[in-house]
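A quick write-up on the structure given underneath.
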Amino acid sequence: GKRWQHRASAIEPLMGVRADMNILKKSLIAVAVLIGLVVATLAIIPLVLDIDQYRPEIVKLANDHLQGRLSMAKMKLSLWGHVEITLEVVELVDAKGNNVVAVEKAYVLMPFSSLLAGTPRATIRLAKPDIRIIKDKTGDLNVAQLVKPSATQAPAEPKPAETPVSAKVVSLARQSS
């Protein structure tokens, strides 16, 4: 009798390890299912949500604020690793009808981390850009005249509720065809 009791008492700690392993196994399965659902969602959203439907509204809004004309052929959305909006055949023309920017494709990239942190940060990449900055006889640049002047003079200091926007050119490179 004591011999069997001794063996049973030696097995009891192993039963606790087995229970812990089952909990770990179920937890790993739950995490894998959750990751699978996130990946599936990221793959399905761009297929279901056609952001190109918003293109006419975006172009109209931009043109309402421009002394010139913005046009673009198509918009696409991708969510692999970051938010990526692809703009196809983008052209910006000044009020005189001169091309200022023409691009086969432009990519607007936003990391998920910046969106989740509440401080969206976007990078814009241009494929095969044709950018023409011209200084006229009065010394004004065509790009400085693209935005329509507001009906009322804007205050010198931004309002506290406004989010400041800044941009910097990281690099310019000519892509060979």
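Just so you know, these numbers use all the heavy atoms, side chains as well, and skip hydrogens, waters and symmetry mates. Remember, it's a predicted structure, so these values are computed and weren't measured experimentally.
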query: Can you name the residues that form a salt bridge (charged side-chain N to carboxylate O under 4.0 Å, His left out) with Asp50, not counting sequence neighbours?
result: none

Leu49 side, atom CG; Leu79 side, atom CG - distance, nearest 0.5 Å: 8.5 Å

message: Can you tell me how far apart CG (Leu146) and NE2 (His65) are? Round to the nearest 0.5 Å.
response: 14.0 Å

Common cluster, Val147/Val143, ILVMFWY with side-chain heavy-atom separation under 4.5 Å: no

- prompt: Are Val38 and Leu77 grouped together when hydrophobic residues (ILVMFWY) are joined by side-chain heavy atoms under 4.5 angstrom apart?
  reply: yes

- prompt: Hey, is CD on Glu57 packed in by over 12 heavy atoms from elsewhere, all under 6.0 Å?
  reply: no

For Ala62 against Leu70, the heavy-atom pair lying closest together: CB-CD2, 3.7 Å

- prompt: Is any side-chain heavy atom of Met75 less than 4.5 Å from a side-chain heavy atom of Ile58?
  reply: yes

message: Please determine whether a side-chain nitrogen of the Lys or Arg among Arg132 and Asp130 lies less than 4.0 Å from a carboxylate oxygen of the Asp or Glu.
response: yes

query: What is the distance from atom CD1 of Ile124 to atom CG of Leu87, rounded to the nearest 0.5 Å?
result: 8.5 Å

field: Side-chain hydrophobic cluster, 4.5 Å single linkage: members besides Val39
entry: Val31, Ile35, Trp80

task: Treat each ILVMFWY residue as a node, draw an edge where side-chain heavy atoms are under 4.5 Å apart, and state whether Ile85 and Val89 are in one component.
output: no

message: So, taking the atom named CG in Leu61 and the one named OH in Tyr54, what distance separates them when rounded to the nearest 0.5 Å?
response: 14.5 Å

task: Count the heavy atoms belonging to other residues, nucleotides or ligands that lie under 6.0 Å from NE2 of His82, then report whether that count exceeds 12.
output: yes

statement: Residues at least two apart in sequence or cross-chain that pass salt bridge (charged side-chain N to carboxylate O under 4.0 Å, His left out) with Lys76, listed by chain then number, are Glu88

- request: Answer with yes or no whether the hydrophobic clustering places Ile133 together with Leu66; edges join I, L, V, M, F, W, Y residues whose side-chain heavy atoms lie under 4.5 Å apart.
  value: yes

- line: So NZ of Lys148 and CG of Asn63: to nearest 0.5 Å the spacing works out to 8.0 Å

message: Checking the side chain of Asp94 only, and the main-chain atoms of Gly68 only, is there a donor and an acceptor separated by less than 3.5 Å?
response: no

field: Hydrophobic cluster membership, Val90 vs Val59, 4.5 Å side-chain cutoff
entry: yes

- line: CD of Glu91 to CG of Asn99, rounded to nearest 0.5 Å, is 5.5 Å

task: Find out whether Asn98 and Asn142 are in side-chain contact, i.e. whether some heavy atom of one side chain is under 4.5 Å from a heavy atom of the other.
output: no

task: Using the test salt bridge (charged side-chain N to carboxylate O under 4.0 Å, His left out), find all partners of Asp136 that sit at least two apart in sequence or belong to another chain.
output: none

message: For Gln145 versus Gln67, what's the shortest heavy-atom pair and its separation?
response: O-NE2, 2.6 Å

Name the atoms and distances for all side-chain donor-acceptor pairs under 3.5 Å in residues 100-122, with sequence neighbours left out.
unit_1 : atom_1 : unit_2 : atom_2 : d
Ser114 : OG     : Pro111 : O      : 3.0
Ser114 : OG     : Arg121 : N      : 3.2

- request: Could you tell me which residues satisfy salt bridge (charged side-chain N to carboxylate O under 4.0 Å, His left out) with Lys135, sequence neighbours excluded, listed by chain and number?
  value: none

